[in-house]
J.: 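Before anything else, here's the structure in question.
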There are 2 protein chains.
Amino acid sequence: MADSGTTGRNPKAGAQRDRPPTIRDVAELAGVATSTVSRALARPERVNPRTRVRIEEAAAQLNYVPSSQARGLSSGRTNAVAVLVPDITNPFYFDIIRGTQHQLKAAGVTQLLVDTEESSDMELDALHKMRKSADGFILAASRLTDAQLAEVSQSQPLVTFNRASTSAPTVMIDTPSAIIQALEHLASLGHHKVCYVAGPPTSWSNQMRWKVFEEDATKRGMEIHRIGPYTPKTTSGAAAADAAVRTGATGCIVFNDLLAIGMLQRLKARGIRVPADMSIIGSDDIFGADFCNPPLTTISSPIEQAGRVAVSMLLAQLNPLSGSAPRQLAVMPTHLTIRESTGPAPA
Amino acid sequence: MADSGTTGRNPKAGAQRDRPPTIRDVAELAGVATSTVSRALARPERVNPRTRVRIEEAAAQLNYVPSSQARGLSSGRTNAVAVLVPDITNPFYFDIIRGTQHQLKAAGVTQLLVDTEESSDMELDALHKMRKSADGFILAASRLTDAQLAEVSQSQPLVTFNRASTSAPTVMIDTPSAIIQALEHLASLGHHKVCYVAGPPTSWSNQMRWKVFEEDATKRGMEIHRIGPYTPKTTSGAAAADAAVRTGATGCIVFNDLLAIGMLQRLKARGIRVPADMSIIGSDDIFGADFCNPPLTTISSPIEQAGRVAVSMLLAQLNPLSGSAPRQLAVMPTHLTIRESTGPAPA
DNA sequence: AACCTTACGGCAAGCGGTTGCCAAAAGTTG
DNA sequence: CAACTTTTGGCAACCGCTTGCCGTAAGGTT
């Protein structure tokens, strides 16, 4: 009836006070080999129901938690996914982080959050340094070049968000449609002179937005302006607002809400009325867009859901299911949320 | 001159295409034992400068990145810290996450972000499940009871934020001072009937705020009301606003900005003017507090810095420096940021 | 020159799991 | 009931890195 042979440890009730129990302790208590415990936990069908129950009870009694480290070492998987965002300061990314966090947690995977500070070097660096500590990556608004992206995606599973890529699965926001809706809205309010307020030049979505803007506005015969680039923060809004006013445009489509809100503040300070004198359309519908002053008309998209989808796609890539090939592209729908920052063009 | 003996691998230029290089590959290339490589990387002074250089070059050439998993397994440290927040949805926590993220990254430690969904069970669970995968924990606004906290803090290093604890190092916000300042502000504007709009009952800071509010307002001879609890989200603002109006109070101190902003929206919808009819003071000075309508008077505190401090305290606990005992308590200063949601009491 | 320190680097035993391989046990079948 | 198949569980070799212990060569002392 030896209750604990080799080690001097005594796995008695709770066993909370000792050094954390290992798989060996469980095996001992259940009277089986460690390999059996391992199997009972990982592939239950591989072991006899009776022994399995015994093992589970032992594990529960010892309050056993497998070490993800050790598991990772031998299995080669970390059960963690890194999420890289350009700027953790930006509420937009919070939404996506929420989405990934949620879905990742549901899958029992740990989220490693990384702020790349809008720098492609940091991004590359993180990708490199963490290749051993994460099973896959989600690149939000990646600043990488196509070539870099292609290379990286070859050596590790990843999915990009808001950054088209031919080499990796991507979830995108339907920007073209969004811009067209926005322009349509402006047109229907009688605006003829429109301005695009640009964000970071390295941002793919910025390029995309401008491209569609230019095309569509031209098609409509509008007078087009473009100002920027601006860093996408409220603090850049003042400069952007001043520049926008100077173009003579009556309607602006702004790279993102942060910038747009900054502009709103400046315009108010300068006594320029929104929307009476100028209409502003933001993008992303971030937290705050609904209660700023005036509430911001903006391009909405289910960002949080986009995060979830990105995770699903990555997970599908990591655990290739039987049958269907994983989805390579998801496009999130957009719609224009019309609030009070847009109105009829001044006479 | 055997250039690669045992394994068939050929560590030639780049070696990017092979399976990732291990410490063994580096050792082989540099012509030393793996232990030496390990030391050269961890405690450079422990090896001869010449060999160290050789090793570093080898590592660089192979593009070697140590496996944090393996490192953790043998050293018993994970080089990761888990940050537990009650609600990742709440901008307030974003600020603290930013702070921890920043400081953690500076220390080369990975941040594991966990959303405990305002549940003490989930919190306990995470604490338990992750004890092997994190070296320490930062508990933001922990929902744990004192007893739980005491127990947990015994088995693993942690620091609490915005949750007093005698058992663990804590960083707090100087709530008493803040509430007193707020009340003083209200008093100076002629308000006599004040109302505290409560947040989650399990929130320590909520209890604290109420306690100080009650004390100080009583001392000033004000008429005191209390409504709530409300979930700290903008969506609860409507109910809170209606209830607040009903109390007849002319000045409200609200658990947090989220709730306060929600109230602002409702009051506006109901045609109740802020601050002409009612003054509102929020707490936290979150993103958006400055551009809501009207801009919110609120209790500000360097939240992001609090996150950094929390990390420092935790790190100090993990690597006990020679000399001084680590700090057990940090109190972040607060000040009242007066914007436009407070004004003279109605006549 | 003989002796003692020190600094440096190697050996090997783990850390806590996973997994391929194999033998014993249990279940089938004619 | 023997021969055969399928389950079930144990053995042991790793996974990649750290670290205590120890031998050796280099430098310092009288």
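Keep in mind the model is a prediction, meaning the values are calculated, not measured. A, B, ... follow the sequence lines: proteins, then strands. Residue 1 opens every chain.
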J.: Taking it one step at a time, do B:His102 and A:Asp115 satisfy side-chain hydrogen bond (donor to acceptor under 3.5 Å, both in side chains)?
T.: CA-CA 9 Å; B:His102 181 103; A:Asp115 183 347; over 6 Å; no

J.: Separation of B:Asp25 atom CG from D:dC15 atom C1', in whole Å?
T.: 13 Å

J.: Classify A:Ser67 by what it touches in the nucleic acid, base, sugar-phosphate, or nothing, heavy-atom distance under 4.0 Å.
T.: sugar-phosphate

J.: Any donor-acceptor pair, under 3.5 Å, between the side chain of A:Arg43 and the base of D:dG9, if you only look at N and O atoms?
T.: no

J.: Which of the following nucleotides, C:dG10, D:dG9, D:dT19, is nearest to the side chain of B:Val32?
T.: C:dG10

J.: Is B:Thr34 close enough to D:dG16 that one of its side-chain N or O atoms is under 4.0 Å from OP1 or OP2 there?
T.: no

J.: Ignoring hydrogens and angles, answer whether the base of D:dG9 and the side-chain atoms of A:Arg52 contain a donor-acceptor pair closer than 3.5 Å.
T.: no

J.: Take the protein atom CZ of A:Arg77 and the nucleotide atom P of D:dC14, then report the distance between them rounded to whole Å.
T.: 23 Å

J.: Expressed in angstrom and rounded to an integer, what is the separation of B:Asp135 atom CG from C:dC15 atom C1'?
T.: 15 Å

J.: Are the charged groups of A:Arg163 and A:Asp146 less than 4.0 angstrom apart, N to O?
T.: yes

J.: Do the side-chain N and O atoms of B:Asn48 and B:Arg54 include a donor-acceptor pair separated by under 3.5 angstrom?
T.: no

J.: Just the rounded figure in Å: distance from P of C:dG17 to CG of A:Leu73.
T.: 12 Å

J.: Taking donor-acceptor contacts at under 3.5 Å, does the side chain of B:Ser35 reach the base of C:dC11?
T.: yes

J.: With a 3.5 Å cut-off and just heavy-atom distances, do the side chain of A:Arg39 and the base of C:dG20 make a donor-acceptor pair?
T.: yes

J.: From the list C:dT18, C:dG17, D:dC17, which nucleotide is the closest neighbour of the side chain of A:Ser75?
T.: C:dT18

J.: Roughly how many Å is it from NZ in B:Lys132 to P in C:dG16, rounded to a whole number?
T.: 8 Å

J.: Tell me the interatomic distance from B:Arg50, atom CZ, to D:dA25, atom P, rounded to whole angstroms.
T.: 16 Å

J.: Would you kindly give the CD-to-C1' distance between B:Gln69 and D:dC14, to the nearest whole Å?
T.: 15 Å

J.: What closest approach, in Å, do A:Val171 and A:Val159 show between heavy atoms, and which atom pair accounts for it?
T.: CG1-CG2, 4.1 Å

J.: Which heavy atom in B:Leu149 sits nearest to a heavy atom in B:Ser142, and how many Å separate them?
T.: CD1-OG, 4.2 Å

J.: For the side chain of A:Arg46, counting heavy atoms from C-beta on, which of C:dC21, D:dG16, C:dT19 is nearest?
T.: C:dC21

J.: Please report, rounded to the nearest Å, how far the C1' atom of D:dG16 is from the CD1 atom of B:Ile23.
T.: 8 Å

J.: Among C:dG16, C:dG14, D:dG9, which is the nearest nucleotide to the side chain of A:Ser74?
T.: C:dG16

J.: Is it true that B:Glu304 and B:Arg308 have a side-chain N and a carboxylate O under 4.0 angstrom from each other?
T.: yes

J.: Which nucleotide in the list D:dT8, C:dG9, D:dG16 gets nearest to the side chain of A:Asn48?
T.: D:dT8

J.: Want to settle it: does B:Thr51 or B:Ala70 sit nearer the 5' end of DNA chain C, counting the closest nucleotide to each?
T.: B:Thr51

J.: Given D:dG10, is OP1 or OP2 found less than 4.0 Å from the side-chain N or O atoms of A:Thr36?
T.: yes

J.: Checking only heavy atoms, does the side chain of B:Arg71 share a donor-acceptor pair with the base of D:dG16 at less than 3.5 Å?
T.: no

